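Accompanying notes for the structure given below.
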Amino acid sequence: MYDLLVIGGGINGAGIARDAAGRGLKVLLCEKDDLASHTSSASTKLIHGGLRYLEYYDFALVRKALIEREVLLASAPHIIWPMRFVLPQNPKVRSPLLVRIGLFLYDHLGGRKILPATKILKRRNSDRLDPLVSKFSKAFEYSDCWVDDARLVVLNAVDAAERGATIMTRTECTGLEIEDGAWSASLTIDGHAKMDVQARAVVNAAGPWVDRVAGLASQLSNSEHVRLVKGSHIITKALFPGEQAYFFQNEDGRIIFAIPYENGAFTLIGTTDEAFQSDPQNVEISKEEIDYLCDSANAYFHQNISPEDVVATYSGVRPLYDDKASDASAVTRDYVLSTSKDRGAPIVSVYGGKITTYRKLAEDVMSELGDVFDNLGEKWTKMYPLPGGAILDADFDAFADIQAETLSWMESELRHRLLRQYGTRIYDLLSDAKATRDLGHHYGGGLYQAEVDYLINNEFARTADDILFRRTKLYLHMTEAEKAGLKEKLELEAVA
């Protein structure tokens, strides 16, 4: 008998499993695919307050997210780091005074302590306007944070497992029934093996499938359900130098980010917002979305791009709470918890939410279940770093400088990537390696056997896609033949 069954291995499910395991509960998390396979790996990779939500007077959400921004930055400085955003003044879309007021609120709503404040840039004294067309002579520059979204999910799951949780990927919940005051769940493993488990409570964090799981538990109502919104991104070769990102205001009222990606080798541009009514399992960018994102970038950058310049894309479906807003962009990004305690067996379904507020959401879920469990531990996640994040003063640069001496044998680009992805756990990956040859077979793009083994043994990876798309982004740095080599090797090992 488990205390808690968590259905869904995205950021909310992984965060809830971690929180619950750390409070002493016996937890099982099941995910029908890989961790972060869907929405949680398809974000714009930002830990942010949501500047544009101020337009919708969603001050509570912005404040909550801004407070969490610095909490998360301190907990995982290897995969989360500060970034400056250049917001060109575009009076045709929004009054500069209105934007300045919004940025003033943005600087002060969340009790900012670490990140620098907003400032005004002018073309004559800032090279950060150089990539922009000449009509943009002034801009605001403000702070937010970047995050490796899929790794954030994985590290929460790793920490949950180390605190006693059972993490089962490729395991779908196909049935939920109440028996003798507890939940009996039917699980299907790898599409065929069957398993039944019992749990005192269930959290439905199934993302785009939240309504489906709620239906299994007969929890679905007419007033609380998910609204699916598709967001797509394109990736091009780098369009500008520097570590700053750009925030563009489109004349249709939408906003677009252009962000340095993969150590500045690429530019990530997104996102779109479209109502989505198809199968969330199969979501991909449309030609119209690619054209829209290219046109949005071309309205601001000197260096124009076309669909032929797009080297990769990704799309995800956001499972937003349906607040009946007429415009997909205006739908609230805050979360809503729907709780049922029928016949003494509670289930909490999670609607909406955003990556930035996942930790707070997990705390709120545990509060919903506080009267179910005796001796439930206190809140704890705010003060404890994620795996690899125990870095002195959360100063990644100082940490990296020290490791550069210890790991001087390693090529600097590889060392930087491994430190960014694994933080203080890099030595668990490297083991006794003292030279590059000790890392084993090189698949290409800086991926060695030692890292493959570590990801399989410690981070729930099983397939080439798990490794190349979610645990790393090395698919952007490897040839098709190199990717195929990894896939073939893993498939042969799975059969053996």
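The first residue of the sequence shown is numbered 1, and numbering continues consecutively from there. All values reported here derive from a predicted model rather than from experimental measurement.
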Residues in side-chain contact (heavy atoms from CB on, under 4.5 Å) with [X], at least two apart?
X	value
His441	Tyr443, Gln449
Ala390	Pro385
Ala117	Asp107, Arg112

Between Phe301, Phe140, Phe85, which is the residue that forms a ring-ring contact (aromatic ring centres under 6.0 Å, His included) with Tyr246?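 Going through Phe301, Phe140, Phe85 one by one, the ring-ring contact (aromatic ring centres under 6.0 Å, His included) with Tyr246 is satisfied by Phe301 alone.
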Side-chain heavy-atom pair Tyr335, Asp364 within 4.5 angstrom cut-off: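 Yes, at least one pair of side-chain atoms sits under 4.5 Å.
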Return the set of residues passing side chain to side chain donor-acceptor pair (under 3.5 Å) with Thr424 (not counting sequence neighbours), or none when no residue passes.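 By the side chain to side chain donor-acceptor pair (under 3.5 Å) rule, Thr424 matches no residue at all.
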Would you please name every residue forming a side chain to side chain donor-acceptor pair (under 3.5 Å) with Asp130, sequence neighbours left out?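 With neighbours one apart ignored, the set is empty.
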Sort and list the pairs that fulfil salt bridge (charged side-chain N to carboxylate O under 4.0 Å, His left out) and have at least one residue in [range], not counting sequence neighbours.
range	answer
residues 404-416	none
residues 90-101	Glu55-Arg94
residues 378-396	none
residues 278-299	Lys230-Glu289, Lys287-Asp291

Sequence neighbours excluded, which residues qualify as salt bridge (charged side-chain N to carboxylate O under 4.0 Å, His left out) partners of Arg128?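 Listed in chain order: Glu141.
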Any residue meeting salt bridge (charged side-chain N to carboxylate O under 4.0 Å, His left out) with Arg417, in chain and number order, not counting sequence neighbours: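 Checked Arg417 against salt bridge (charged side-chain N to carboxylate O under 4.0 Å, His left out); matches are Glu451.
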Does Ser315 use its side chain to pair, donor to acceptor, with the backbone of Ile285 at less than 3.5 Å?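 Indeed, once roles are kept as given, a pair shorter than 3.5 Å links the two residues.
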Quick one about Arg84 and Ser143 (side-chain donor to acceptor, distance below 3.5 Å, no hydrogens or angles considered), yes or no?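 A donor-acceptor contact under 3.5 Å links the two side chains.
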Does a side chain donor of either Asp252 or Tyr292 reach within less than 3.5 Å of an acceptor in the other side chain?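 Side chains of Asp252 and Tyr292: pair found under 3.5 Å.
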Tyr384: which residues meet the ring pair (Phe, Tyr, Trp, His ring centres under 6.0 Å) condition with it, sequence neighbours left out?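 Checked Tyr384 against ring pair (Phe, Tyr, Trp, His ring centres under 6.0 Å); matches are Trp380.
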